[in-house]
Amino acid sequence: MAENKHFIHEIIDEELKEGGRCYGKKVHTRFPPEPNGYLHIGHAKALEIDFGTAELYGGLCNLRMDDTNPTKEDEEYVEAIKEDIKWLGHDWGDRFFYASEYFEQMYGFAVELIEKGLAYVCELTPEQMKEMRGDINTPAQSPFRDRPIEESLDLFKRMRAGEFEDGSMTLRAKIDLASGNFNMRDPVIYRINRLPHHRLGTTWCIYPMYDFAHPIEDALEGITHSLCSLEFENHRPLYDWVVNNISVETKPRQIEFARLGITHTVLSKRKLRNLVETGLVSGWDDPRMPTLCGLRRRGYTPNSIREFHARNGVSKVNAVVDFAFLEYCLREDLNKTANRAMAVINPVKLVIDNYPEDMTEEFEVENNPEDPNGGTRTVSFSRELWIDKEDFMEEPAKKYFRLYPGNEVRLKSAYVIKCVGCDKDENGNVTCVHATYDTESRGGNTADGRKIKATIHWVDQKTALDAEIRLYDRLFTVEAPDLADVNYLDFVNPDSLTVVQGAKVEASLANCKPEDRFQFLRVGYFCADNKDFTPDHLVFNRAVSLKDSYKPE
RNA sequence: UGGGGUGUAGCCAAGGGGUAAGGCACGGGUCUUUGACUCCCGCAUUCGUAGGUUCAAAUCCUGCCACCCCAGCCA
């Protein structure tokens with residue numbers, strides 16, 4: 001948790017003091033997704049703020065599906081949303097709700113407004129209403145504004161009864177047709193729509209609008225703080241108008257914060273959906289997607305995502321955070337928690353010329369040097385090994401200190417070896433590296449105490465397993481593919497996925513399960529794919545590479 | 001020319017009259033059986049801008065500029 005309280009918590013602190021709006025009350029928030037898509041890292045920010053605020057103050061946070069528009073919502077998203085929230089580690093207890101549970105009460109409040117002369121049935125069609133909306137200098141108009149209360153009451157009842165066509169009538173709040181804030185120009189609060197609702201079917205043919213429904217949902221649930229994103233600031237006067245003009249005891253307060261942006265990706269539902277539908281990614285859970293299910297499949301931990309948001313803070317500035325910062329948070333978490341393993345992604349054969357052909361030894365290797373209780377595992381060693389192509393150079397570049405003829409390196413946890421040459425094919429490609437080992441260096445330490453600069457990873461050919469490795473990189477080549485004046489699809493990174501077949505991994509990896517995460521030593525953090533990994537077909541996704549400060553000159 | 005917001009380093013972000021926290025990125029060094037990690041050092045004479053008030057201004061006042069949101073019977 002960040003040491004400095006952000007502005008929302010400062011406000012709450014004030015309200016909790018004696019005489020404050022919430023003195024003696026329990027802080028109660030809510031997370032209200034619309035079930036029409038998958039949750040992404042931006043939603044996770046709201047999740048952290050909503051659930052995190054409740055946790056911080058010893059309060060509660062409700063999970064509520066905001067399903068007031070049957071044309072967009074679907075039950076299929078509900079379970080996925082719950083699953084993602086649970087995965088992140090948040091608990092809504094028994095407080096799971098649907099906005100649609102309150103439709104009857106909302107209807108009652110609408111009637112109350114009509115009776116008070118604060119709402120009226122308007123017969124303008126959408127087109128007419130648009131024409132009569134007015135502009136900055138001209139007030140809106142509605143010829144039905146002064147309709148008698150009884151008449152509105154009757155018409156509203158008949159709207160509910162299904163007597164009128166979709167779109168032919170609305171219920172409007174009577175507020176201010178000349179307001180500079182267009183949300184206050186007699187906003188529509190009910191519309192007619194005969195599409196079946198995902199839960200209630202055809203029970204209703206009229207549905208409340210967000211601006212009317214949301215404050216009621218909050219008030220009915222006893223929400224003290226309704227935290228939402230900046231674009232709803234303009235709606236706050238209407239939110240307050242609703243809670244102040246209907247008969248509810250609790251008056252929740254809406255506070256807005258800036259939503260999250262991240263470089264090298266897009267976060268709008270429309271654009272994400274487009275990536276899926278055009279096949280540029282394999283689905284909503286493609287490991288390149290910023291969706292929670294995508295990040296999960298990629299290898300991100302709930303902890304790293306929560307830490308990312310906690311460290312970013314909360315403000316009202318439209319922020320675009322470096323993708324590198326998300327990666328940093330992941331590395332930081334996985335460095336402490338992920339077991340190490342050896343995997344050779346681009347293998348080349350290494351032969352220890354002076355090692356007996358039929359001999360095999362076993363070495364103990366620590367699972368995680370960062371974790372004293374991490375334990376050890378056993379790896380086998382024999383004359384022929386796999387090492388990474390990048391760890392050998394026949395003619396070393398400046399400052400290169402791995403394997404090259406005449407140079408010594410340490411094979412992690414095994415022996416110190418000295419390169420004696422290599423074999424090449426007719427095209428000059430290295431096919432095999434030759435070395436001799438120091439028989440006095442078992443475990444990796446030299447008998448005479450001489451320092452060995454480089455340590456490289458390796459896998460025994462006798463026990464190595466084949467694996468498919470999916471190397472992921474950022475989805476877009478530019479920082480801001482989301483800018484209004486560019487077509488984001490033009491900047492999809494053609495190299496965002498590289499599939500490597502025939503990588504060689506240590507035998508212990510046969511026992512791992514989908515979603516197990518590892519640091520492949522000196523390479524990066526990898527995660528067993530949660531869809532395609534099987535014991536017979538090992539598939540690992542690269543979550544993030546290790547930092548690499550080696551810069552060839 | 002309306003209403004609502006926001007401007008502190010390349011990116012986040014504290015600080016709200018007493019002389020610019022912290023993190024990421026970046027550069028250098030240290031350590032190292034991972035060129036990772038750790039640790040250390042460096043990185044805003046200045047807070048969108050111009051004035052004003054004050055012994056003292058990122059903080060208070062005034063003007064200006066830039067950017068974001070708003071004219072769905074979407075949320």
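Numbered from 1 within each chain, the chains take letters A, B, ... in sequence-line order. Every heavy atom of this structure was used, including side-chain atoms; hydrogens, water molecules and symmetry mates were not.
Look at CG on Asp333(A): it is 15 Å from P on C37(B), rounded to the nearest Å. One interatomic measurement links the two molecules: CG of Asn234(A) to P of G3(B), which rounds to 12 Å at whole-angstrom precision. Straight-line distance from the CZ atom of Arg331(A) to the C1' atom of A36(B): 9 Å, rounded to whole Å. Residue Phe323(A) contributes atom CZ, which lies 18 Å from atom C1' of G10(B) at whole-angstrom precision. At whole-Å resolution of the value, CD in Glu366(A) and P in U32(B) are 15 Å apart. Atom P of nucleotide G22(B) and atom OH of Tyr328(A) are separated by 14 Å, given to the nearest angstrom. G3(B) atom P lies 15 Å from atom CD of Glu233(A), rounded to whole Å. Lys551(A) places its NZ atom 10 Å from the C1' atom of C26(B), with the value rounded to the nearest Å.
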Pairing string, 5' to 3', for RNA chain B - Watson-Crick or wobble contacts under 3.5 Å, brackets [ ] where pairs cross, | to another strand:
.(((((((.[[[..)..(...]]].((((.........)))).....[[[[[..)....]]]]])))))).....
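At a threshold of 4.0 angstrom between heavy atoms, the contacts of Lys336(A) with the nucleic acid are absent. At the heavy-atom level, Tyr400(A) lies under 4.0 Å from base atoms of the strands shown. Asp548(A) comes within contact range of the sugar-phosphate backbone alone, with a heavy-atom separation under 4.0 Å but no base atom that close. Lys316(A) comes within 4.0 angstrom of the backbone, heavy atoms only, and of no base. If you check every strand for non-hydrogen atoms under 4.0 Å, Gly313(A) touches nothing. Residue Arg402(A) is in base contact, counting any heavy-atom pair closer than 4.0 Å across all strands shown. Nucleic acid contact class of Glu479(A) (heavy atoms, under 4.0 Å, all strands): none. Backbone-only contact: Val320(A) has heavy atoms under 4.0 Å from sugar-phosphate atoms and none from a base. At the heavy-atom level, Glu256(A) lies nowhere under 4.0 Å from the strands shown.
Nearest nucleotide to the Arg340(A) side chain, out of G7(B), A36(B), U1(B): A36(B). With U32(B), U34(B), G35(B) as the candidates, the nucleotide lying closest to the side chain of Ser549(A) is G35(B). Of the candidate nucleotides C24(B), G5(B), U34(B), C24(B) has the atom nearest to the side chain of Phe325(A).
A cation-pi arrangement is absent between Lys399(A) and Tyr550(A) under the rule of less than 6.0 angstrom and at most 45 degrees off the ring axis. Both tests hold for Arg185(A) against Phe182(A): distance to the six-membered ring centre under 6.0 Å, angle to the ring axis within 45°.
Side-chain nitrogen and oxygen atoms of Arg522(A) include at least one within less than 4.0 Å of the OP1 or OP2 phosphate oxygen of G35(B). Phosphate proximity of G3(B) to Ser179(A): absent, as no side-chain N or O sits under 4.0 Å from OP1 or OP2.
The side chain to side chain donor-acceptor pair (under 3.5 Å) test with Arg377(A) is passed by exactly one of Glu366(A), Glu506(A), Glu364(A): Glu506(A). The residue from Tyr107(A), Tyr239(A), Trp241(A), Tyr190(A) that alone fulfils the ring pair (Phe, Tyr, Trp, His ring centres under 6.0 Å) condition with Phe212(A) is Tyr190(A). Remark: of the listed residues Phe518(A), Phe540(A), Phe520(A), Phe520(A) is the sole one forming a ring pair (Phe, Tyr, Trp, His ring centres under 6.0 Å) with Phe526(A). Of the options Asp391(A), Asp548(A), Asp388(A), a salt bridge (charged side-chain N to carboxylate O under 4.0 Å, His left out) to Arg522(A) is made by Asp391(A) and by none of the others.
Annotation: of the two residues near RNA chain B, Phe7(A) and Gly444(A), the 5′-most nearest-nucleotide partner is Phe7(A). Two residues, Lys547(A) and Glu10(A), neighbour RNA chain B, and the one matched to the more 5' nucleotide by heavy-atom proximity is Glu10(A).
Nucleotide G15(B) is shown with an anti base, its glycosidic torsion being more than 90° from 0. G16(B): glycosidic angle within 90° of 0, hence syn.
Side chain to side chain, Glu34(A) and Tyr210(A) fail the donor-acceptor criterion of an N or O pair below 3.5 Å. Residues Asp67(A) and Ser100(A) bring a donor and an acceptor atom of their side chains to less than 3.5 Å of each other. Donor-acceptor pairing under 3.5 Å is recorded for the side chains of Thr125(A) and Gln128(A). Between Arg474(A) and Thr265(A), the side chains place no donor N or O within less than 3.5 Å of an acceptor N or O (distance only, hydrogens not considered).
A gap of 38 Å separates the P atoms of C55(B) and G23(B), to the nearest Å. Straight-line distance between the P atoms of A58(B) and U49(B): roughly 11 Å, to the nearest whole Å. Only the C1' atoms considered, G4(B) is 26 Å distant from A50(B), to the nearest whole Å. G15(B) and U59(B) have their C1' atoms separated by 8 Å, with the value rounded to a whole Å. Taking atom P in both U6(B) and G48(B), the straight-line distance is 14 Å, to the nearest Å. U8(B) and C40(B): their C1' atoms are spaced 27 Å apart (whole Å). G16(B) sits 15 Å from C61(B) when the C1' atoms are compared, rounded to a whole Å. For the P atom pair drawn from U62(B) and A20(B), the interatomic distance equals 27 Å after rounding to whole Å.
Considering only heavy atoms from C-beta on, Asn407(A) stays 4.5 Å or farther from Arg402(A) through its side chain. Proximity of Ile206(A) to Arg191(A): side-chain heavy atoms (C-beta onward) are nowhere separated by under 4.5 Å.
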Protein-nucleotides 71-75 of chain B N/O pairs under 3.5 Å:
{"unit_1": "A71(B)", "atom_1": "O3'", "unit_2": "Arg133(A)", "atom_2": "NE", "d": "3.3"}
{"unit_1": "A71(B)", "atom_1": "O2'", "unit_2": "Arg133(A)", "atom_2": "NE", "d": "2.2"}
{"unit_1": "G72(B)", "atom_1": "OP2", "unit_2": "Arg133(A)", "atom_2": "NH2", "d": "2.4"}
{"unit_1": "C73(B)", "atom_1": "OP1", "unit_2": "Arg133(A)", "atom_2": "NH1", "d": "3.2"}
{"unit_1": "C73(B)", "atom_1": "N3", "unit_2": "Gly167(A)", "atom_2": "O", "d": "3.1"}
{"unit_1": "C73(B)", "atom_1": "N4", "unit_2": "Leu124(A)", "atom_2": "O", "d": "2.5"}
{"unit_1": "C73(B)", "atom_1": "N4", "unit_2": "Pro126(A)", "atom_2": "N", "d": "3.0"}
{"unit_1": "C73(B)", "atom_1": "N4", "unit_2": "Gly167(A)", "atom_2": "O", "d": "2.7"}
{"unit_1": "C74(B)", "atom_1": "OP2", "unit_2": "Arg191(A)", "atom_2": "NE", "d": "3.1"}
{"unit_1": "C74(B)", "atom_1": "OP2", "unit_2": "Arg191(A)", "atom_2": "NH2", "d": "3.0"}
{"unit_1": "C74(B)", "atom_1": "O3'", "unit_2": "Asn69(A)", "atom_2": "ND2", "d": "3.4"}
{"unit_1": "C74(B)", "atom_1": "O3'", "unit_2": "Arg191(A)", "atom_2": "NH2", "d": "3.2"}
{"unit_1": "C74(B)", "atom_1": "O2'", "unit_2": "Asn69(A)", "atom_2": "ND2", "d": "3.1"}
{"unit_1": "C74(B)", "atom_1": "O2'", "unit_2": "Lys72(A)", "atom_2": "NZ", "d": "2.7"}
{"unit_1": "C74(B)", "atom_1": "O2", "unit_2": "Lys72(A)", "atom_2": "NZ", "d": "3.4"}
{"unit_1": "A75(B)", "atom_1": "OP1", "unit_2": "Thr68(A)", "atom_2": "OG1", "d": "2.9"}
{"unit_1": "A75(B)", "atom_1": "OP1", "unit_2": "Arg191(A)", "atom_2": "NH1", "d": "3.4"}
{"unit_1": "A75(B)", "atom_1": "OP1", "unit_2": "Arg191(A)", "atom_2": "NH2", "d": "2.9"}
{"unit_1": "A75(B)", "atom_1": "OP2", "unit_2": "Tyr210(A)", "atom_2": "N", "d": "2.9"}
{"unit_1": "A75(B)", "atom_1": "O3'", "unit_2": "Asp66(A)", "atom_2": "OD2", "d": "3.0"}
{"unit_1": "A75(B)", "atom_1": "N6", "unit_2": "His235(A)", "atom_2": "NE2", "d": "3.2"}

